[in-house]
Novice: 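A single structure is presented below for examination.
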Amino acid sequence: VSVRVQSLIDGLAAAGVDLMLISETVNVRYLTGYTGSNALALLGPQTRVFITDFRYVVQAAEQVNDSFERLQAPRDLIDAVGDALPDAPLRLGFEAAHVSVRDHSRLRELLPDEVELVGVCGIVERLRAVKDRDELARIKIAAQLADAAFQRVIGEGLIGRTEREVAIALEHYMQARGARRASFDPIVAAGAHGALPHAEPRDVEIRRGDLVVIDWGAELDGYCFDCTRTVGAGEPSADAMEIYALVLEAQQAGLAAVKAGESGRAVDAVARSLIDSGGHGEHFGHGLGHGVGLEVHEAPRLSQRAHEELRSGNVVTVEPGIYLPGRFGVRIEDLVLVTDNGAEVLTAVPKPLIVAP
Ligand code: GLY
Ligand code: MN
Ligand code: MN
């Protein structure tokens, strides 16, 4: 049994269940290695069952370890869960954040009364938050691919290209270097559009003097990378430089505060207090950062509501921003590995303001 499966099983009692039904695709992948889109895993001290449909039987035989009993079911996999359960009273956990109301009713209908359904939150996500060596290696390669694509795009210049052209070039260069895909649709947002934290690239030309928020990442073997730089298309205004300096100061303070044992809330507060003191607290309306791994947004969070402590092996972003509606936005985002001694930055792109032609 893999370390991951064993850790999950070790956590079942604390979650108040005998068996756990894993249905969220990314969580199934994490525990079994299966990379397809339709599968369930049932896990307990004496149970390792993997269920998929006809389309994935061959793939599952290659990807899913022999310690699992592999079952083929009709495409609606929920219908097969009853057959895979031991014939005894038990508490069956399901992923409360991921099971639809329809599937829950269906389970209740199909399973005998002696099976109690118990909603469980975050049991796999908490394991995923601490990366092992293989996962880190993939994230680091994804970082290198993304960095190189960014340097190339910036080298080609920004002025006169549309936001969408730049976004497409970024995606293309990442894929050409070996990324599976972009880890999310890149954000390229010039001038006032940059004040939208999650702006969509437009068919609008970048003009001289614009600040351009570029937020991009590569995915490699399922693992994501996430980074933002705010770049000048030519020299930006003095106002813009001042805001840039404030965001950079907050970002560096946030990075310096990252350490195993600190709460996400404490790290967020270090960066946020600097932006508050600079008079822009109301222009920084999102959390300081988030975990990244198989998903681009995952546990743990760095935010005002994140009470949990960071652990060695977490991989998180540190990404303060200031967004001035109608004017411009600045965000600077690095991805870092949390260690007992502090943050190891995984991004190589420099942070002093880059001015592109
Ligand atoms: N790319 C989305 C984010 O930075 O959270
Ligand atoms: Mn991010
Ligand atoms: Mn980002």
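Order of listing sets the numbers, starting from 1, for every ligand and every atom in it. Bear in mind that the values here come from a model prediction, so they are computed numbers and not experimental data. The figures that follow rest on heavy atoms only: side chains count, while hydrogens, waters and symmetry mates do not.
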Novice: Suppose we screen for ring pair (Phe, Tyr, Trp, His ring centres under 6.0 Å). Which residues come up paired with F50, at least two apart in sequence or across chains?
Specialist: Y34
Novice: Listing by chain and number, what protein N/O/S atoms are under 2.8 Å from the Mn ion (ligand 3)?
Specialist: D215 OD1, D215 OD2, D226 OD1, E333 OE1
Novice: If you count the atoms of ligand 1 from 1 in the order shown, which ones are under 4.0 Å from a heavy atom of E333?
Specialist: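 This gives 4 (O) as the contact atoms.
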Novice: Under a single-linkage definition using a 4.5 Å side-chain heavy-atom cutoff for Ile, Leu, Val, Met, Phe, Trp and Tyr, are I354 and V247 assigned to the same hydrophobic cluster?
Specialist: no
Novice: Just jot down the ligand 1 atoms closer than 4.0 angstrom to any heavy atom of F184, in number order.
Specialist: 1 (N)
Novice: Which residue owns the protein heavy atom closest to atom 1 (N) of ligand 1, what's the atom, and how far is it?
Specialist: D215 OD2, 3.0 Å
Novice: Determine yes or no for a side-chain-to-main-chain donor-acceptor pair under 3.5 angstrom, with E116 supplying the side chain and R91 the backbone.
Specialist: no
Novice: H297 heavy atoms, cut-off 4.0 Å: which ligand 1 atoms fall inside?
Specialist: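 Counting atoms of ligand 1 from 1, those under 4.0 Å from H297 are 2 (C), 3 (C), 5 (O).
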Novice: Can you spot which of T347, T317, V213, I187 makes a side-chain contact (heavy atoms from CB on, under 4.5 Å) with T228?
Specialist: V213
Novice: Quick check against the 3.5 Å criterion: does D103 have a side-chain atom that pairs as donor or acceptor with the backbone of S100?
Specialist: no
Novice: Confirm or rule out an N/O/S atom of H290, from backbone or side chain, lying less than 2.8 Å from the Mn ion (ligand 2).
Specialist: yes
Novice: Give a yes-or-no answer on whether the side chains of D147 and Q151 include a donor-acceptor pair shorter than 3.5 Å.
Specialist: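 The answer is no; no qualifying pair exists.
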Novice: Other residues, nucleotides and ligands only: do more than 12 of their heavy atoms fall within 6.0 Å of CZ on R55?
Specialist: yes
Novice: For atom NZ of K259, is the number of surrounding heavy atoms from other residues, nucleotides or ligands below 6.0 Å larger than 12?
Specialist: no
Novice: How does D226 reach ligand 1, by side chain, by backbone, by both or by neither, if only non-hydrogen atoms under 4.0 Å count?
Specialist: side chain
Novice: So, does R265 use its side chain to make a donor-acceptor pair with the main chain of Q304 at under 3.5 Å?
Specialist: yes
Novice: Below the 3.5 angstrom mark, is there an N/O of H290, backbone or side chain, next to an N/O of ligand 1?
Specialist: yes
Novice: What residue and heavy atom of the protein are closest to atom 4 (O) of ligand 1, and at what distance?
Specialist: E319 OE1, 3.0 Å
Novice: So which protein heavy atom does atom 2 (C) of ligand 1 come closest to, and at what separation?
Specialist: H198 NE2, 3.4 Å
Novice: For V349, is there any backbone N or O sitting under 3.5 Å from a side-chain donor or acceptor partner on R229?
Specialist: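 Pair found, side chain donor or acceptor close to backbone of V349.
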